[in-house]
Amino acid sequence: MSRDIDAILRSPKAYLWARKAIEAMETHRVWPTALNFELWLHYVAVKDSDVAAQISTVIQSGAPFTDQIGEAIAAQHLPGAKLTGEILDAGKSLSQELDSVSRAIESARESSEAYGQQLATATESLQEQDASAVRTMVETLSQATRKVREENQALESQLADTTDELARMRAHLEQVRRDAMTDSLTGLANRKAFDETLESACAQAQQRGEPMTLAVVDIDHFKNFNDTWGHQTGDQVIRYVASVIGRVGATPRLAARYGGEEFAVIFPGEKSAVVMAAMEGAREEIASRVLKRRSTNEDLGAITISTGIAELKPGDSPMSLLEAADGALYASKRNGRNRTSIAAANSETRAA
Ligand code: C2E
């Protein structure tokens, strides 16, 4: 379930939105599955979301809203839903693997039991038998031994296959988990990863009494830039800024694409003065680079960024820290852009 939807379903208007979603699904003859419900809640309640835009496109096209269409929209825009689906699939295939291994183990156990019984019978009657009877018995035993060996070999090979399959599934799930946390345009962490990391980094810094600083970055005049040069070139500029932001500072830190042309970098263990120097380096690097439009080689003009920095203070929550950094970002914008500002250190005005 996405954060937007989670918040809606816990708001005072939860039942109203839920009814609206069901009504819209009924009007458009959409099955009320859990996934469709989540998608159509976006449609009625988060109108500016990508999911709502995609559903509108399907409705306008007059095509029926099939499960496949719903799954495709969810896979693209609801990484959580995709992750859940992938985990369910992986779980199903894991349980099939385990079933077949247990069947093989059961069959090996039965063979081994029968072998034990044959050995016991043979031992009992050994004393009373003549030489030819002993030979027959030895043959029987050697056949039984061969059978048990074959069963064990089959079991070993099946266990090896299962181990490979588990390793493959683990790698696949790891990839899905990474995708769900990554912004596809820039390769930086996405908003979800940022929100989670900010929360844990704040808690850790407060617990250990260590510093932690947040920087938020916005590309200046990006809307004008997009209107002049088009979305494709706009995307290239976002990728370029992301590549610089992604290299800023020393590890470990998390650089994320926070929104359209907004970025954020979490610096655990760092004080604001160090982050200021790092972000100023990024700002200068970006401002001094002449980017070209790939199709025509024209100069794209100055690309600059504005940055706001806030250091975690006692009493800060992730939200108040973000607000403080945002406030500093807007100070940079107000003071002429292409600059970096640090939030006031007054924690009382920032406490949530
Ligand atoms: P990309 O096009 O995938 O390029 C990835 C990296 O390959 C670049 O990282 C750069 O190190 C190298 N590279 C690609 N093309 C060239 C080139 O023509 N000359 C040189 N010297 N190196 C090249 P970088 O610079 O960090 O850029 C990251 C992304 O930012 C690029 O991804 C592209 O999407 C965008 N970008 C960077 N510079 C420009 C530009 O001048 N015009 C446009 N339209 N996009 C740019």
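Read the numbers this way: they start at 1 and go in the same order the structure lists the ligands and their atoms.
- Partners of Thr228 under the side chain to side chain contact (heavy atoms under 4.5 Å, CB included) rule, at least two apart in sequence or in another chain, do not exist in this structure.
- Partners of Ala278 according to the side chain to side chain contact (heavy atoms under 4.5 Å, CB included) rule, which considers only residues two or more places apart in sequence or in another chain, are Val248.
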If you look at each N/O of ligand 1, which protein N/O atoms lie under 3.5 Å away, and at what distance?
residue, atom, partner, partner atom, Å
ligand 1, 2 (O), Arg294, NH1, 2.8
ligand 1, 2 (O), Arg294, NH2, 3.4
ligand 1, 3 (O), Arg239, NH2, 2.9
ligand 1, 25 (O), Arg289, NH1, 3.3
ligand 1, 25 (O), Arg289, NH2, 3.3
ligand 1, 26 (O), Ser243, OG, 2.7
ligand 1, 30 (O), Tyr240, N, 3.1
ligand 1, 32 (O), Arg239, NH2, 3.2
ligand 1, 34 (O), Gln236, OE1, 2.9
ligand 1, 34 (O), Arg239, NE, 2.9
ligand 1, 38 (N), Arg289, NH2, 3.0
ligand 1, 41 (O), Lys292, N, 2.9
ligand 1, 42 (N), Lys292, O, 2.5
ligand 1, 44 (N), Lys292, O, 3.1
ligand 1, 45 (N), Gln236, OE1, 3.3

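- Applying the salt bridge (Lys or Arg N to Asp or Glu O under 4.0 Å) criterion to Glu106, with sequence neighbours excluded, gives Arg109.
- Ion pairing between Arg178 and Glu174 holds under the 4.0 Å rule for side-chain N and carboxylate O.
- A cation-pi contact links Arg191 to Tyr258, judged by a cut-off of 6.0 Å to the six-membered ring centre and 45° from its axis.
- A salt bridge is absent between Lys20 and Glu23; no separation between the charged side-chain nitrogens and carboxylate oxygens falls under 4.0 Å.
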